[in-house]
*Asks:* 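The structure is given below, and queries will be raised subsequently.
Below, chains carry the letters A, B, ... as their sequence lines are ordered, and counting in each starts from 1.
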Amino acid sequence: MTVLPIGSLAGAQASYEWPEDGFTKIPNWVYSDPDIYRKELEVFYYGDTWHYVGLTCEVPEIGSFRRSTIGERPVILVRHADDEFSVLENRCAHKGAQLCWENTGKVEDFTCPYHQWNYSLKGDLQGVPFLRGALGKGGMPRDFKKSEHGLKSLRIHNEGGAIWATFSDDAPSFEDYCGPDILAEVRHMLPGKPIELLGYTRQLIPSNWKTYLENLKDPYHATLLHSFYITFGLWRADNKSKCVPQERGHSVMVSHNEGKKTSDATSEMKRFRDDLEVLDKETITPRQEFNKKRVGGGWIFPSAYMGIQANTLKMRHLIPRGPNMHELVFTHYGFTDDDAELRRLRLKHANLLGPAGFVSMDDSEMLSQLQHGVGAYPHETSIVEMGGKEIEETDYMVSEVLIRSFYKFYREAMGL
Amino acid sequence: MTALTSTARETKPLDMPKAELRALRSDVRDYYEDYGQHLDDGDLEAWVKYFTEDCHYRVISRENHKLGLPIGLIYCMNKNMVRDRVTALRETTVAQPRVIRHFISGVRINSIAENGDISAQGNFLISECLADGEPEITAAGQYQDVLVRDGDGFLFKYRDCIVDNYRIKTSIIIPL
Ligand code: FES
Ligand SMILES: [Fe+2]
């Protein structure tokens, strides 16, 4: 893989010098520089990394397909046999038109609307109109081999009903890419039980993709910004918790739901509201299930976060959309053996998350404000020293250790 | 695979004198417009009053609606959840100041059930203007409703706000 040298694009920084050695100071240009962004796509999205594409229950029958995205590249997830799937580039091998225009559907094969090249569900080129020309004239040269012009099919891995893919032939196996802790988080959330799709929320947030990545490596903000969480005990600084840095940009961040309470720490949480009550108690009262009150989850770097909050189970899919924009897709699911109450709770607790979520609203509003600050002052730096300068695992929440550990990895991977 | 398809629903002509239907449609249209006005004014407490105790209020993407998937962007399964949303917006949400406007059109009565429940629909288009910006269209879509009569007015027993947006820009703070 060739990576563009940094500094080759217009609008790039004059210098890419890291403010000081280490990983507790972050130069603001990493959040807005187009050249940095381009290199991030090459290294983190199209490099030796694995990406979430979709759930197998989204493509229930042979020929069922769903569009998805890796980095900025459109791809198609399709079921081509009983329990076999392909992830294909959504790009015609002829002139590059996007082949599949519907978000989801069922087909026998794929035909590009432009010149009607036809591909099998596995991406093999099956038909080229006028291959031998018309009236004995024209047609493709004799040495044109259909076998060499299929849709590019990605390496894939099915983990408990979620399909992951990589553009790279050199990436390690999915298991090795994750490592044991992250694999355990993935398997915790998708233990292989049949899953039921509940729906999507999709959102465009005007900030760099890493602001979202870091936001879910930052339990510190959640204990302060989100008064809905704090007040109702769904996520608080004085709950039992853990931040576990991982290799390759991954991380685990977990806590325990302990309900509404007052403690020494509440005085520091200015947004704690003792007087606040909700009328519909179910909204803030998760039912015990497999997670045993353990909430939060893990980043499968760079583009997927899996976790549980209250009774919502979802795959969070992060899609970069230019240096100053990212897209979030939450795919909510349940298990087919959920009873009516649990299903209702999953739907109810989805009110906490997404573009209108009691908690997520704060984040999307905050991240767009963050981008205004870092984008306009690229030469300035931010500081992530809460909880020290090290990158060891912590058993408390008021820490930026996961962000520090990410930037250690980032600098190495980006050569910065 | 890309042919245009019709989304028209089969509707029976309403068995009702024309003048009565016209009056009903006009009352429902007023009701929709007043509803939108309260939200534009930021009068969330007045918004709550538009629902029955056992109401269903949901903002749902066209994608989920079309696929029959239940997840809402906002999903209130009863009036207490409507009240709770107002509490959360007033007391806990951190959001940029904004002005929104509802543009409501195409209000029509689809059917009237034996018990008098009125099925109706309308289009909405919502513009939003942040404190340091210009208005932008943040959502467009369709209300699909069931209203019950309440004195000489109505209440929503069921309101699905189906947003055409594939993605929501940043957030939906004020309900639709
Ligand atoms: S671009 Fe697809 S057939 Fe020509
Ligand atoms: Fe947050």
*Asks:* Can you see which heavy atom on Asp117(B) is nearest to which on Lys157(B), and at what distance?
*Replies:* OD2-NZ, 2.8 Å
*Asks:* Let me see the working for Arg321(A) and Glu72(A) under salt bridge (charged side-chain N to carboxylate O under 4.0 Å, His left out), right down to the final yes or no.
*Replies:* CA-CA 7 Å; Arg321(A) 294 287 183 197; Glu72(A) 294 186 337; over 6 Å; no
*Asks:* Arg62(B) versus Gln142(B): any side-chain heavy-atom pair under 4.5 Å?
*Replies:* yes
*Asks:* Is chain A contacted by the side chain of Asn78(B), its backbone, both, or neither, given a heavy-atom distance below 4.5 Å?
*Replies:*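 It is the side chain, since no backbone atom gets that close.
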*Asks:* Tell me, for Ser207(A) versus chain B, whether the close heavy atoms (under 4.5 Å) come from the side chain, the backbone, both or neither.
*Replies:* neither
*Asks:* Examine whether an atom of Glu63(B) lies under 4.5 Å from a heavy atom of chain A, and if so say whether it belongs to the side chain, the backbone or both; otherwise answer neither.
*Replies:*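 Looking at Glu63(B), just its side chain touches chain A.
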*Asks:* Heavy-atom pairs under 4.5 Å with chain A are the metric here; pick the option from Ile173(B), Asn80(B), Thr170(B) that has the most.
*Replies:* Thr170(B)
*Asks:* Please flag which part of Asn103(A) lies under 4.5 Å from any non-hydrogen atom of chain B: side chain, backbone, both or neither.
*Replies:*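 Side chain of Asn103(A) only, per the 4.5 Å heavy-atom cut-off to chain B.
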*Asks:* What option among Gly68(B), Ala95(B), Pro175(B) has the most heavy-atom pairs under 4.5 Å with chain A?
*Replies:* Ala95(B)
*Asks:* Could you check Arg83(B) against Glu53(B) for salt bridge (charged side-chain N to carboxylate O under 4.0 Å, His left out), going step by step and ending with a plain yes or no?
*Replies:* CA-CA 10 Å; Arg83(B) 295 184 178 103; Glu53(B) 284 298 330; 2.8 Å; yes
*Asks:* According to the interplanar angle, ranging from 0 to 90°, do the rings of Tyr35(B) and Tyr143(B) count as parallel (below 30°), tilted (30 to 60°) or perpendicular (above 60°)?
*Replies:*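 The arrangement is perpendicular - the two ring planes meet at more than 60°.
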*Asks:* Which region of Ile60(B), side chain (C-beta onward) or backbone (N, CA, C, O), has a non-hydrogen atom less than 4.5 Å from a non-hydrogen atom of chain A, or is it both or neither?
*Replies:*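 For Ile60(B), no heavy atom lies under 4.5 Å from chain A.
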*Asks:* Taking the side chain as C-beta and beyond, is there a heavy-atom pair between Leu225(A) and Val94(B) under 4.5 Å?
*Replies:* yes
*Asks:* Would you mind checking if Arg58(B) and Asp160(B) are paired as a salt bridge, meaning a charged N to carboxylate O distance below 4.0 Å?
*Replies:* yes
*Asks:* Return the option, out of Arg343(A), Met366(A), Glu327(A), Met325(A), with the maximum number of heavy-atom pairs under 4.5 Å with chain B.
*Replies:* Glu327(A)
*Asks:* Applying the salt bridge (Lys or Arg N to Asp or Glu O under 4.0 Å) criterion to Asp338(A), which one of Arg344(A), Arg346(A), Arg287(A) satisfies it?
*Replies:*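 One option only clears the test, and that one is Arg346(A).
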*Asks:* Which one of Cys76(B), Pro70(B), Ala88(B) has the most heavy-atom pairs closer than 4.5 Å to chain A?
*Replies:* Pro70(B)
*Asks:* If you count heavy-atom pairs within less than 4.5 Å of chain B, which of Glu196(A), Glu282(A), His332(A) leads?
*Replies:*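 Of the candidates given, the most pairs with chain B belong to His332(A).
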*Asks:* Is a donor from one side chain sitting under 3.5 angstrom from an acceptor on the other, for Ser364(A) and Gln203(A)?
*Replies:* yes
*Asks:* Which atoms of Arg98(B) come close to chain A, meaning under 4.5 Å heavy atom to heavy atom: side chain ones, backbone ones, both, or neither?
*Replies:* side chain
*Asks:* Identify which of Leu347(A), Leu367(A), Leu353(A), Ile205(A) forms the greatest number of heavy-atom pairs closer than 4.5 Å to chain B.
*Replies:*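 Looking at each option in turn, the highest pair count goes to Leu347(A).
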*Asks:* Between chain B and each of Thr231(A), Leu328(A), Ile230(A), Leu197(A), count heavy-atom pairs under 4.5 Å; write down the option with the most.
*Replies:* Leu197(A)
*Asks:* Relative to chain A, which segment of Ile74(B) carries a heavy atom at a distance below 4.5 Å: side chain, backbone, both, or neither?
*Replies:* both
*Asks:* Among Leu276(A), Val278(A), Thr283(A), who wins on heavy-atom pairs under 4.5 Å with chain B?
*Replies:*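 Counting heavy-atom pairs under 4.5 Å, the top option is Val278(A).
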*Asks:* What is the ring orientation for His56(B) with Tyr75(B), classed by angle as parallel under 30°, tilted 30 to 60°, or perpendicular over 60°?
*Replies:* perpendicular
